[in-house]
Structure formats: C-alpha cells, structure tokens
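Have a look at the structure below before the remarks.
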Amino acid sequence: QVQLVESGGGLVQAGGSLRLSCAASGRAFSSYVMGWFRQAPGKEREFVARISRSGATTYYADSVKGRFTISRDNAKNTVLLQMNSLKPEDTAVYYCAAGSRLETDRREYYYWGQGTQVTVSS
C-alpha cells in the first residue's frame, strides 16, 4: 500500500507556472506507474499525465501536451508535475495516483491523494 500527498497548488495568472509535487510513503514506490488527474467543478475526473515505473516513458493528454511535464524521483518517492503556460481552463483539483498499468483510465489507478487546488485567473 502507498499513501500519496499532493502539494504546490495555488492561484496563478494565465500564462504563469506552477509545480505540483506528490510525496509517497509506503512500500515500493518504484513499482507503481504514477499519474496525474484533475477534476473541475461539475466535470468528471480526467487524465492529465502518466509516467512509467522507471520514468523513461511519459504520456500526456492532448490538452496539456507541450505545456506540462511529469517526472519522478524514485530515490525521494516523489512525482512532480511542472505546469507552464497555464490557462483558465486548467483550473481544477489535481490528484496524483498510483497504479500498476500504463493507462489513462482512472479506474486503473487504485491509490489516490487528497488533491490540491489549482486556480488560473484570466
């Protein structure tokens, strides 16, 4: 089992940047595929980015490709989401999640953090 805690959210103007961090505790962090998801008010939780166990492979939603970067440090049990060129439509609660398969479906992830709010003003 792994526990996940996100941090780094906040209020930023459009065009700005934020870096989200997810700290993991528990066993074998490096054995999990890690993902970031987000949920805006009134909308379903959607996939943002995922990274393989070693960090060698990443994949992004089209809406964030070229603006967001996911990375991980297995020695520090941390996964990061660098968000640049933020837009108002990026406003959401952002969640990190751990799973065992390289998937974009949130049902494939079984450990979740509590989320961190990101608000982008226009």
Please assess Leu80 against Ile70 for the test side chain to side chain contact (heavy atoms under 4.5 Å, CB included), listing each intermediate value before the final yes or no. CA-CA 6 Å; Leu80 302 176; Ile70 187 172; over 6 Å; no
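- Remark: the backbone N or O of Ser85 is paired with a side-chain donor or acceptor of Arg67 at under 3.5 angstrom.
- Under the 3.5 Å distance criterion, with hydrogens and angles disregarded, a donor-acceptor pair is assigned to the side chains of Ser17 and Asn84.
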Pair Tyr109-Ser100, side chain to side chain contact (heavy atoms under 4.5 Å, CB included): steps then yes or no:
CA-CA 7 Å; Tyr109 292 81; Ser100 61; over 6 Å; no
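- Side-chain contact between Thr119 and Val12 is absent, with no heavy atoms from C-beta onward closer than 4.5 Å.
- Side chains of Gln13 and Ser121: a donor-acceptor N/O pair is absent below 3.5 angstrom, by distance only.
- A side-chain contact (heavy atoms from CB on, under 4.5 Å) with Arg38 is found for exactly one of Val118, Val93, Asp90, namely Asp90.
- The closest side-chain heavy-atom distance from Tyr95 to Gln114 is not below 4.5 Å.
- Remark: the backbone N or O of Ser52 is paired with a side-chain donor or acceptor of Arg72 at under 3.5 angstrom.
- For Glu89 and Thr91, the side-chain atoms include no donor-acceptor pair closer than 3.5 Å.
- Between Phe68 and Tyr94, the ring-plane angle classifies as tilted under the 30° and 60° cut-offs.
- By the 4.5 Å heavy-atom criterion applied to side chains, Thr69 and Leu81 are not counted as neighbours.
- The environment of OH in Tyr60 is crowded: more than 12 heavy-atom neighbours from other residues, nucleotides or ligands sit within 6.0 Å.
- When every heavy atom of Thr78 is checked against every heavy atom of Ser21, the shortest pair comes out as CG2-OG, 3.5 Å.
- When the shell of 6.0 Å around NZ of Lys43 is examined, it contains 12 or fewer heavy atoms from other residues, nucleotides or ligands.
- Counting heavy atoms from C-beta outward, Trp112 and Arg45 have side chains that approach closer than 4.5 Å.
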- Message: Using the rule given for side chain to side chain contact (heavy atoms under 4.5 Å, CB included), can you reason through Tyr111 versus Gln3, listing the C-alpha separation, both sets of side-chain angles and the distance that settles it, and then say yes or no?
- Response: CA-CA 7 Å; Tyr111 297 120; Gln3 294 79 42; over 6 Å; no
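- Closest heavy-atom contact between Ala92 and Ala40: CB-N, 3.8 Å.
- Between Trp36 and Phe47, the ring center distance fails the sub-6.0 Å criterion.
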Which is it for Cys96 and Glu6 under the side chain to side chain contact (heavy atoms under 4.5 Å, CB included) test, yes or no, and what are the steps along the way? CA-CA 7 Å; Cys96 72; Glu6 302 95 335; 3.8 Å; yes
